[in-house]
Amino acid sequence: MNCNQSMSQNAFGRGVERSFGFAFVFATGGWMTADDFSDLYRKHQGLVRAVIFQITASDAAGVDDLVQEAFIRIWKGIGNFRGDAQITSWIYRITANVALDYTRSAGRRRESSHEILPDIASPQATPDQALSSKQLVEKGLKKLSEDHRVVLVLAYLHDLPLAEVADVLGISEGTVKSRLHYAKSEFREFLIAQGVKL
Amino acid sequence: MSHFDDEKLKRFLQDNQPVAPAAPRGELQAMLNKLDLVESEKPSRFAWWAFGGGAFATAVAVAWFMALSPKIITPTTGGEEVENEFAVGGLPSADVGEEYLVLASDTGSSY
């Protein structure tokens, strides 16, 4: 997932206008051509889309809108990007903020209105109703609070070091550890309830 | 409560992580169009340069005026006396009044 540092130099080319760029896009404090933006999108759209989808558990249309919102924020914030930082960390931070803003503003709870999976808590549902492992993970993530889910997504699904998770979310590493502990406990209880043994 | 190994849990999550739907066709172009729209609502690059250049030129002009203005408004010292220009033939030149000036400039008169 991590990207090397040199990519940031190529992707942004800050202060340098490419002669073949067909349009110049002005961002506060820096220049980014349409070609630069296209490169950035192609290299990171998968990551942005995955993080948004996993944190918001949104539907396809919602994900598309949020991905667009994330890339617009990336474009607007390019002038504030510190060259010494990992560009992927910076993208993770913006993307996580977009996803959390969405879930919080929409007041989305664990049982969202976009639920498409069978309700496991219903009397008819049993562990034997064969939710696939992928469905289990999706369902289990939805059960978590936003704060716990985002930590679990970044630390376990995307395998980011805890220090980087803390940096991305703007919280202390101790808070990350605490939230990860609770997230794992909740997820474990969910899996046990589903009869899953790891 | 059974024990869950952290590494196993992590592997289980990674192997079965939710996969986002693919990007819709033309998403990048739609973003570029949107960014172009946002860009058009901002002052153009030329406007920034014109504004900056104008501000700089104004500052230079003000500085130039401030530097030269004392020489313009401060009377020179050292004996330059305007009335000497009118001292013809030892005639008194001070405070001769408007009438004298009119007469002296009237070359067509017999005076």
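Numbered from 1 within each chain, the chains take letters A, B, ... in sequence-line order. Because only heavy atoms are used, hydrogens play no part in the values below, and waters and symmetry mates are left out as well, while side chains stay in.
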What one should report as the nearest heavy-atom pair of B:Leu13 and A:Leu157 is CB-CD1, 3.6 Å

Output yes when a side-chain donor or acceptor of A:Gln54 lies under 3.5 Å from a complementary backbone atom of B:Pro18, and no otherwise. yes

Once rounded to the nearest 0.5 Å, what's the spacing between atom OG of A:Ser38 and atom CG of B:Leu32? 4.5 Å

Going through the distances and angles, do B:Leu9 and A:Arg188 end up as a side-chain contact (heavy atoms from CB on, under 4.5 Å)? CA-CA 8 Å; B:Leu9 177 61; A:Arg188 180 184 60 197; 5.6 Å; no

Scanning both residues in full, the closest heavy-atom pair of A:Lys184 with B:Asp6 reads NZ-OD2, 2.7 Å

Heavy-atom distances under 4.5 Å only: say whether A:Val67 touches chain B with side chain, backbone, both or neither. both

Gap between atom NZ of B:Lys10 and atom CG of A:Leu152 - 0.5 Å precision: 10.0 Å

So, B:Gln17 and A:Tyr156: side-chain donor and acceptor under 3.5 Å apart, yes or no? no

How close do A:Arg49 and B:Ala20 get, counting heavy atoms only, and between which atoms? CG-CB, 3.5 Å

Go through it in stages, so that I can follow the logic: the residues are B:Phe12 and A:Leu191, the test is side-chain contact (heavy atoms from CB on, under 4.5 Å), and I'd like the CA-CA distance, side-chain angles, deciding distance and then a yes or no. CA-CA 11 Å; B:Phe12 178 75; A:Leu191 290 179; 4.0 Å; yes

Could you check whether any side-chain N or O of A:Gln45 sits under 3.5 Å from a backbone N or O of B:Ala23, counting only pairs where one atom can act as donor and the other as acceptor? no

Test log, rule salt bridge (charged side-chain N to carboxylate O under 4.0 Å, His left out), inputs B:Lys34 and A:Glu69: CA-CA 10 Å; B:Lys34 192 165 185 176; A:Glu69 170 67 19; 5.8 Å; no

To the nearest 0.5 angstrom, please state how far the NZ atom of A:Lys134 sits from the CG atom of B:Asp15. 8.0 Å

Can you hop from A:Tyr182 to A:Val165 via hydrophobic side chains spaced under 4.5 Å? no

Assigning hydrophobic clusters by single linkage (Ile, Leu, Val, Met, Phe, Trp, Tyr; side-chain heavy-atom cutoff under 4.5 Å), is A:Leu47 placed with A:Leu40? yes

Mind checking whether A:Phe37 and B:Met31 have side chains closer than 4.5 Å, heavy atoms only? yes

